[in-house]
Amino acid sequence: MEAIMASNKQGGGKRGFASMDPQRQREIAAQGGRAAHASGNAHEFNSQEAREAGRMSHKNDGNRQSGSGGSRGGNQGGNR
């Protein structure tokens with residue numbers, strides 16, 4: 001038992017869900033999502049909740065441009 005635990009601490013093999021093929025992981029996750037929706041337990045985001053979730057996920061994103069402008073247009077000259 002100690003040898004197994006030691007090998008995992010040293011970057012040994014992955015176990016459980018992480019050891020599966022990525023395509024198989026997606027299949028299992030999709031089944032779970034379909035089951036949650038079918039049973040009425042899945043949360044469906046409205047547009048405001050989705051915006052907030054996106055904002056939170058990019059809160060510490062180092063690649064995000066700050067200030068005005070950026071890649072979304074803004075007033076960057078052109079039509080005056």
Considering all heavy atoms, the nearest [X]-[Y] contact:
X: Ala53; Y: Phe45; answer: CB-CE2, 4.5 Å
X: His43; Y: Glu49; answer: NE2-OE1, 3.3 Å
X: Ser19; Y: Gly16; answer: OG-O, 2.7 Å

Arg34 side, atom CZ; Ser39 side, atom OG - distance, nearest 0.5 Å: 13.5 Å
One should read off an interatomic distance between Asn46 CG and Arg51 CZ, to the nearest 0.5 angstrom, of 8.0 Å
